[in-house]
Each structure stands twice: as structure tokens, then as C-alpha cells.
Amino acid sequence: MRTRQVIRASAKINLGLNVLSRRPDGYHELESVMQQISLADLIVLEPYPDKNCRFSCTVQALSGPDNLVFKAVQLLEEKAGEKLGGVAITLYKNIPLEAGLAGGSSDAAAALIGLNRFWNLGFSKDELNNLASQLGSDVTFCLGGGTALAMGRGEIIERLPALPFFWVVLAVPKGIKILTAEAYGALDQRNFGNPVIIPLIEAIRNKSKRGILDWLQAGKTNTLETVRGPGFDKVQQLKRRLVNLGLMPLFSGSGPTLFMLFEQYSLARNVSHAINQEGDSAYLCWTMSGNEEWLDV
Ligand code: C5P
């Protein structure tokens with residue numbers, strides 16, 4: 001089916017993230033409740049009259065062969081056992097970079113799904129899951145989206161019932177970069193095993209909005225938030241400012257993004273506006289229930 005395709009690549013937040021231990025392979029064993037949100041990049045696939053693929057991205061720095069989309073192409077061609085080519089891939093970035101929102105991982109997942117269809121490869125979900133886990137720890141979650149418990153290094157996914165609907169405000173502090181590998185590397189193992197996320201999973205299974213909000217409100221939700229350093233300290237400053245406004249900002253992934261859940265649109269919009277006015281970046285979006293339609297728009 002070598003016809004034009006437009007595929008959404010959604011961002012994710014970590015409602016809870018518990019780092020359990022450091023593994024011999026350098027990764028960390030974790031359990032995390034991941035949630036797909038509506039903020040998304042877009043990937044467009046079009047027929048291209050050449051044996052090669054053409055790849056371009058609206059962010060110049062991401063246009064090189066290091067991009068996970070490029071690596072997804074290579075993995076699919078390797079598995080198919082032939083050079084498939086003949087596709088122009090354009091990646092429209094919209095998710096902030098290096099923000100702990102799995103933007104790159106989601107692009108890779110969308111490329112796997114879209115190219116599997118574009119090239120008519122017929123690879124099953126299990127086969128795509130396997131390729132996804134080779135691309136990065138979050139890519140497997142991004143294939144299906146919705147709400148899920150991620151285990152292992154993040155690539156073992158157990159789907160959970162969709163989270164009740166919430167508006168989500170993301171606050172991305174200005175001028176801060178936190179590299180995932182550095183955040184994990186700086187963890188003090190005395191903090192491993194916290195937070196305990198079982199009550200959050202139970203509240204999601206019971207579809208209890210109150211239970212979910214109570215767990216989130218009870219305190220720190222993410223082991224990676226315990227890391228200290230210049231970038232992390234700036235996130236904590238923004239967090240304190242938001243807490244002083246009576247809000248409940250929470251840490252996503254390895255940061256630096258903070259997220260807040262709201263039931264009321266008007267409040268979410270006002271908070272978004274206030275964050276932008278202070279010079280940081282706010283994104284108003286909402287929770288999503290999964291990619292059952294294989295991410296079609
Ligand atoms: O899997 P991914 O390439 O996204 O991970 C980026 C880096 O984050 C890894 O190289 C590793 O240093 C760190 N990481 C980790 N434990 C995990 C996931 C990521 O230590 N579960």
C-alpha cells in the first residue's frame with residue numbers, strides 16, 4: 001500500500017516511576033505507569049521515486065542518521081531481508097526535545113507502524129514490539145499508547161484500563177537539558193524502591209478518579225526526581241512556584257518536564273497562560289486512551 005500516510009506520534013508522561021535496581025547491563029529495572037497524551041509529532045510517508053529513503057525533519061539537528069526514525073527504517077529492512085526504499089519520510093516536530101516526554105521514542109514507534117503498512121510487510125504486533133524494544137526502552141509503550149504499566153527497563157508492557165479523562169498541563173522550564181542516561185547514572189540507590197506504585201495501579205483498575213488524584217497528591221511520584229544537580233534544582237524551583245499557587249506539579253520521566261492534571265478546562269488554560277507569562281513553556285493537552293486504530297489521523 002505505497003500511498004501517502006499521515007501518522008500521529010503521541011507524547012507520554014509517567015504518572016508514577018519507581019526505579020527498583022541497577023542492572024548488570026547498565027540499565028535500571030523499573031516499574032512505571034505511563035500515560036499517552038494528546039501532544040504529538042506528525043510523520044508523513046509518501047512514495048518517492050528512488051531505491052533509497054529520503055528523511056527530513058523540521059528540526060535540522062534531528063535530520064541525521066542518529067534519528068530513531070532512521071533506525072526504525074534500518075531495522076524493518078533488515079527484518080524484511082531487502083532494501084525497500086521508495087519512501088520520503090517527513091517528521092514534523094511538535095513535542096519539546098529532551099523533555100522526558102518520549103518524543104523520539106514515539107516517532108520511532110509511529111515509523112514502525114506506518115512503514116509496516118506502507119511497505120505491506122504484514123509484521124504482527126509481537127514482531128513490531130520486538131523491533132521497538134531494540135530501538136529504546138519507551139518505544140514499546142508508544143506503539144500502543146493509552147495507559148500501561150511498564151516493567152523491565154521499560155519495554156515490558158502490561159496494558160491498564162484507560163485513565164479517566166483529565167486535562168494535562170505540561171510545564172517545561174526554560175533553558176534546561178537533562179540527559180536520561182545522566183539522570184539514571186546520578187541516582188542514589190538508597191532511593192530505589194520508592195514510590196510504591198501499587199495503590200496507583202489499583203486506583204486505575206478501579207477507575208477511581210479520587211484514588212488516582214489522592215495517590216498523586218500524596219507526595220513524590222518518581223524516583224528520578226531525587227537526583228540533584230543544576231538542571232534538577234531549576235526544576236525544583238519551578239515546582240515550588242507552582243505549589244505556592246496551590247497546584248500539584250509532578251515530574252515526568254527523567255525530566256525536566258513537570259505535568260499537572262485538571263478536571264476543569266478553564267483552570268488548565270489559566271495555569272498554562274501563567275506559566276508562559278513567566279517565561280517557561282506550557283502545553284495544554286489531555287489524556288488519550290490508546291492507539292487501537294494504529295495511530296491513524
Ligand atoms: O532505552 P533508552 O535508549 O531510551 O535509554 C537511554 C539511557 O537511559 C540508557 O542508555 C540508560 O543509560 C538509561 N536508562 C536506564 N534504565 C532504564 C532506561 C534508560 O538506565 N530503564
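Just follow the structure's listing: the first ligand is 1, and inside any ligand the first atom is 1.
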Check your understanding: Does the ring of Phe123 carry Lys79 above it, NZ/CZ under 6.0 angstrom from centre and within 45° of its axis?
Key ->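 Judged by the rule, Lys79 and Phe123 form a cation-pi pair.
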Review point. Is the cationic atom of Lys209 (NZ for Lys, CZ for Arg) positioned less than 6.0 Å from the six-membered ring centroid of Phe165 and within 45 degrees of its normal?
Key: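 That pair does not qualify as a cation-pi contact.
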Exercise for review: Report yes if Asp138 has an N/O atom closer than 3.5 Å to an N/O atom of ligand 1; otherwise report no.
Suggested key: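 N/O-N/O distance under 3.5 Å: no.
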Point to revise | Steps toward salt bridge (charged side-chain N to carboxylate O under 4.0 Å, His left out) verdict (Arg54, Asp50) | key: CA-CA 9 Å; Arg54 195 196 71 188; Asp50 196 289; over 6 Å; no
**Study point:** Enclosure of Leu97 CG (heavy-atom neighbours >12, cutoff 6.0 Å)
**Key:**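 Enclosed: over 12 neighbouring heavy atoms sit under 6.0 Å from CG of Leu97.
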Interfacing atoms of ligand 1 (cut-off 4.0 Å, heavy-atom, [X]):
| X | answer |
| --- | --- |
| Ala181 | 8 (O), 12 (O) |
| Ser137 | 1 (O), 2 (P), 4 (O), 18 (C) |
| Gly26 | 20 (O) |
| Gly136 | 1 (O) |

Practice item. Would you indicate which of His28, Glu29, Glu155 comes nearest to atom 20 (O) of ligand 1 when only heavy atoms are counted? Key: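 Answer by nearest heavy atom: His28.
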Practice item. Would you confirm whether Asn291, through its side chain, and Gly146, through its main-chain N or O, come within 3.5 Å as a donor-acceptor pair? Key: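 Between the backbone of Gly146 and the side chain of Asn291 there is no qualifying donor-acceptor contact (under 3.5 Å).
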**Study point:** Shortest protein contact, atom 9 (C) of ligand 1 (heavy atom only)
**Key:**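 The closest one turns out to be Tyr27 CE2, 3.7 Å.
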Exercise for review: Look at atom 8 (O) of ligand 1 and say which protein heavy atom is nearest, naming residue and atom and giving the distance to 0.1 Å.
Suggested key: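 Looking only at protein heavy atoms, the one closest to atom 8 (O) of ligand 1 is Thr180 CG2, 3.4 Å.
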Exercise for review: Please test Arg22 against Glu29 for salt bridge (charged side-chain N to carboxylate O under 4.0 Å, His left out), starting from the C-alpha separation and ending with a verdict.
Suggested key: CA-CA 6 Å; Arg22 196 160 277 149; Glu29 195 68 15; over 6 Å; no
Check your understanding: Is Tyr184 touching ligand 1 with its side chain, its backbone, both, or neither, if touching means heavy atoms under 4.0 Å apart?
Key ->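 Side chain only.
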**Study point:** Qualifying residue, where the test is side-chain contact (heavy atoms from CB on, under 4.5 Å) with Asp107 and the options are Ile43, Leu68, Val139, Leu135
**Key:**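 Single side-chain contact (heavy atoms from CB on, under 4.5 Å) partner of Asp107 among Ile43, Leu68, Val139, Leu135: Ile43.
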Practice item. Determine, using heavy atoms of Leu30 and all atoms of ligand 1, whether some pair is separated by less than 4.0 Å. Key: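 Leu30 counts as a contact of ligand 1 under the 4.0 Å cut-off.
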